[in-house]
Amino acid sequence: MDGVHDLGGRQGFGPIVDKDDERPFHSKWEMRAFGITLAARGASSWTIDWFRYCRELTGPVDYLTRPYFDQWITTLAAQMIDQGYLTLDEIRSGAPTFAPKPGRPPQTADVARASAKDPRSFAVSVNAPPRFAPGQLVRCRLDGGSGHTRLPGYARGRAGAIHAHHGGHALPDASARGEERGEHLYTVSFAASDLWPEAKGSADRVFVDLWESYLEKA
Amino acid sequence: MTSFDSKTISHIHHELHSLLPSEPALRTKALESLLAEKKLVDPAAVDAWVEMYRDEIGPKRGAAVVARAWVDPAFKARLLADGTQAIGEFGFAGHATGHLQAVENTADVHNLVVCTLCSCYPFSILGLSPSWYKSNEYRARAVRDPRGVLEEFGVRLDKGVQVRVWDSTSERRYLVVPERPKGVEDWDEAALAKLVTRNSMIGAERDLSAAQAKA
C-alpha cells in the first residue's frame, strides 16, 4: 500500500541521531512492550506479514512520531480487537468483560525460550519453475497494489539484474490476506544511478529481495 | 476471526489513538494489565523475552562469528555460503535468522544494511536493533544517500570503493562481515572478537583498527 511506512528514498529527513547508543532497552515500558508483543504473537491467525500490515495501518502521524515499541504493542492491541479477543469498550474502561478463547493458549516462558532458538524457515515449495535466472534483466511492476507488499516504492518501474534466486518463499502479499502461498524469491541488484538522479556516474548498488510477481522481463 | 481487512484495522487504530493513554509507559501498562487479566499473555513469557534480549542475546554473538571468520577461512566460506548453518555451529541460529546472508567488506566493497519498509534485523545474532536503525531518517536515507549517512557515522569512503546497500525486504536477513584490521595478525579469536562492533556488522562502521587501543 502507498503508506508513509514506505520510507526508502524519501527526502527532507535530518541527521541520524544516537549513533553510539548500545542499550537494547531505554526504559521499563520498552521492555514490557517488546516482551508482551513477542509473547502474545502466537494467537490464532498471527503472521509476521499481517502484523507488519497492521502496523502500516497506524495513522500516518502516529506512524512517524510514536516510539517504536509503543507502535508494536498498539498494533498488537489492534489485532486482538480485530480478532475479537479484546474490545474497544474494555480499552475504554480498563476492565475485562469476558474471557476470550484464543485459538492457541498463551505462550509459556519455555515456549518463548524455544522460539528464540528456532531459526524458522519461510521457504515454501513452488511447483512452477523460476521465471528468471541470475544475470537476467528484470523490471519491477509499476503498480504496488493497495494491500500489503514488500515491493518498495522506490523500486517500482525500475530495472535491475537478478543477483540470486532463493527458491520459493511465503509471499507476504498473500500472507497478509490470510492466504498461504509460495512464490520464487530473488535478490535484484539495481544500479544506484538507475534509482536516483543524484547517483549519476556512481558504481554503487542497491540490493532488494523481491518476489516473482513483482517482476517482469526487462 | 481475523478480518484481514485494512479498513477495519484503520478504524481500530483511529479509536485506539484517543482511547489509550498517550504516554507510552501508561499505554503499555494499561494494555499489559488487560491482556494479563484476560489471560491473553503469560507474564512469565514476557519476562523470558525481556531477560533473553537484555542479558543473553546481543552483538557479542555476531562478534564471535566474525572473529571466527577472520581466523578460519573454511568457516568464512561456510558463513558466506549459508549464514544460518554457520551460526548454528555456535548455537546462535534462532529468532529472525532462518535465512541469514553474510556479506563481506573488502578493500573495494562496503556493505550497508537497512530495512526501508519496517525494521527487519537478524535478532538472534545481533540482539535488538539500535534506535537509529529503526529511525525514519535512516530508513529514508540509507538507500538513497548511503555515503552521506556513512559520513555521519565517521566512515569516509574513497570514490573507488563500491557501496552495496542491502534492503531487508524479505525474511532473509543480512550480517556484514567487516574487514580484519591490520596489526592484529597474532591476536587470538577471543581478543579479535572484542574489536567487532555492532555498528560494523550493520555496515555503519568500517575501520576497526581504532578499536585496538580500547581492546
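So that the names make sense, note that chain A is the first sequence line, chain B the second, and so on, each numbered from 1.
Of the two parts of B:Tyr174, only the side chain, counted from C-beta on, holds a non-hydrogen atom closer than 4.5 Å to a non-hydrogen atom of chain A. Contact of B:Asn199 with chain A is made through the side chain alone, with heavy-atom distances under 4.5 Å. Only the backbone of B:Asp5 comes within contact range of chain A, with at least one heavy atom under 4.5 Å from a heavy atom of that chain. Both the backbone and the side chain of A:Arg32 come within less than 4.5 Å of a heavy atom in chain B. Using a 4.5 Å cut-off between heavy atoms, A:Thr75 contacts chain B through both its backbone and its side chain. With a 4.5 Å cut-off on non-hydrogen atoms, A:Arg120 touches chain B through its backbone but not through its side chain. When heavy atoms are compared at a cutoff of 4.5 Å, B:Ser18 does not approach chain A at all. Of the two parts of B:Arg198, only the side chain, counted from C-beta on, holds a non-hydrogen atom closer than 4.5 Å to a non-hydrogen atom of chain A. Contacts of B:Ala30 with chain A are absent, with no heavy-atom separation under 4.5 Å from either backbone or side chain. Neither the backbone nor the side chain of A:Ala199 has a heavy atom closer than 4.5 Å to any heavy atom of chain B. In this structure, the portion of A:His169 lying under 4.5 Å from any heavy atom of chain B is its side chain and not its backbone. Looking at B:Leu117, both its backbone and its side chain come within 4.5 Å of chain A, counting heavy atoms on both sides. For B:Leu35, the part sitting under 4.5 Å from any heavy atom of chain A is the side chain, from C-beta outward, and nothing else. Of the atoms belonging to A:Phe122, heavy atoms from both backbone and side chain fall under 4.5 Å from chain B. Both the backbone and the side chain of A:Ala78 come within contact range of chain B, judged by heavy atoms closer than 4.5 Å. Only the backbone of A:Ser175 comes within less than 4.5 Å of a heavy atom of chain B; no side-chain atom from C-beta onward does. Residue A:Thr87 does not touch chain B at all, counting heavy-atom pairs closer than 4.5 Å. Contact of B:Pro122 with chain A is not made at all, since no heavy-atom distance falls under 4.5 Å. With a 4.5 angstrom heavy-atom cutoff, A:Ala123 touches chain B via backbone and side-chain atoms both. At a 4.5 Å heavy-atom cutoff, the contact between A:Pro96 and chain B is made by backbone and side-chain atoms alike.
Classified by interplanar angle (parallel below 30°, tilted 30° to 60°, perpendicular above 60°), the ring pair A:Tyr186/A:His184 is tilted. Ring planes of B:Tyr138 and B:Trp132: perpendicular class, angle over 60° (limits at 30 and 60°). Classified by interplanar angle (parallel below 30°, tilted 30° to 60°, perpendicular above 60°), the ring pair A:Trp46/A:Phe51 is tilted.
Your options are A:Phe69, A:Phe34, A:Phe190, and the one with the most heavy-atom pairs under 4.5 Å with chain B is A:Phe34. The candidate from A:Leu86, A:Val4, A:Asp20, A:Ile36 with the greatest count of non-hydrogen atom pairs under 4.5 Å with chain B is A:Ile36. Your options are A:Thr74, A:Asp6, A:Asp62, and the one with the most heavy-atom pairs under 4.5 Å with chain B is A:Thr74. Per-residue counts of heavy-atom pairs under 4.5 Å with chain B were compared for A:Ile48, A:Leu185, A:Ile73; the largest is that of A:Ile73. Of the listed residues (B:Ala93, B:Ala45, B:Gly98), the greatest number of heavy-atom pairs within a distance under 4.5 Å of chain A belongs to B:Ala45. Put simply, of A:Thr58, A:Val17, A:Leu64, A:Ile81, the one with the most heavy-atom pairs under 4.5 Å next to chain B is A:Thr58. When B:His99, B:Glu137, B:Gln162, B:Arg164 are compared by the number of non-hydrogen pairs under 4.5 Å with chain A, B:His99 comes out ahead. Between chain A and the options B:Arg172, B:Glu32, B:Glu152, heavy-atom pairs under 4.5 Å are most frequent for B:Arg172. For chain A, the option among B:Lys134, B:Glu37, B:His17 with the highest count of heavy-atom pairs below 4.5 Å is B:Lys134. Interface check for chain A: of the options B:Lys39, B:Glu51, B:Arg141, the most heavy-atom pairs under 4.5 Å are formed by B:Arg141. The candidate with the highest count of non-hydrogen atom pairs below 4.5 Å against chain B, out of A:Glu56, A:Met1, A:Glu30, A:Gln11, is A:Gln11. Contacts with chain A were tallied for B:Val163, B:Asp47, B:Leu20; B:Val163 has the most, counting heavy-atom pairs under 4.5 Å.
With a 6.0 Å radius and a threshold of 12 heavy atoms from other residues, nucleotides or ligands, B:His14 has its NE2 atom at or below the threshold. The number of heavy atoms from other shown groups lying within 6.0 Å of NZ (B:Lys38) is above 12.
Side chains of A:Ser27 and A:Trp29: a donor-acceptor N/O pair is present below 3.5 angstrom, by distance only. In the model, B:His95 has no side-chain atom that pairs as donor or acceptor with a side-chain atom of A:Asp118 under 3.5 Å. A side-chain donor from one of B:Thr97 and B:Ser124 sits under 3.5 Å from a side-chain acceptor of the other. No side-chain donor from either of A:Asp209 and B:Thr169 sits under 3.5 Å from a side-chain acceptor of the other.
Closest heavy-atom contact between A:Leu57 and B:Ser10: CD2-OG, 3.6 Å. Between B:Trp49 and A:Ala112, the closest heavy-atom pair is NE1-CB, 3.3 Å. Looking at every heavy atom in both residues, B:Val143 comes nearest to B:Arg139 through CG2-O, 4.5 Å. Between A:Ser193 and A:Gly201, the shortest heavy-atom distance links the atoms CB-N, 4.3 Å. When all heavy atoms of A:Gly8 and A:Trp196 are compared, the closest pair comes out as O-CH2, 4.3 Å. Taking all atoms of both residues into account, the shortest heavy-atom contact from B:Pro24 to A:Arg66 is N-NH2, 4.1 Å.
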**Request:** Might you work through the side chain to side chain contact (heavy atoms under 4.5 Å, CB included) test for A:Arg181 and A:Glu183, ending with a clear yes or no?
**Result:** CA-CA 7 Å; A:Arg181 197 193 327 156; A:Glu183 207 175 80; 4.1 Å; yes

**Asked** Under the side chain to side chain contact (heavy atoms under 4.5 Å, CB included) criterion, do A:Asp82 and B:Phe4 qualify, and how do the steps go?
**Response** CA-CA 9 Å; A:Asp82 178 58; B:Phe4 296 107; over 6 Å; no

**Prompt:** Between B:Val65 and B:Phe90, is a side chain to side chain contact (heavy atoms under 4.5 Å, CB included) present by the stated rule, with each step listed?
**Reply:** CA-CA 8 Å; B:Val65 171; B:Phe90 290 79; 3.9 Å; yes

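Of all residues spanning residues 103-116 of chain B, those with a heavy atom less than 4.5 Å away from chain A's heavy atoms are B:Cys115, B:Thr116, arranged by number.
With sequence neighbours excluded, the residues forming a ring-ring contact (aromatic ring centres under 6.0 Å, His included) with A:Tyr53 are A:His148, listed by chain and number.
Side-chain contact check for B:His11 versus B:Thr8: every heavy-atom pair is 4.5 Å or farther apart. With contacts defined as side-chain heavy-atom distances shorter than 4.5 Å, the pair A:Pro152/B:Asp167 qualifies.
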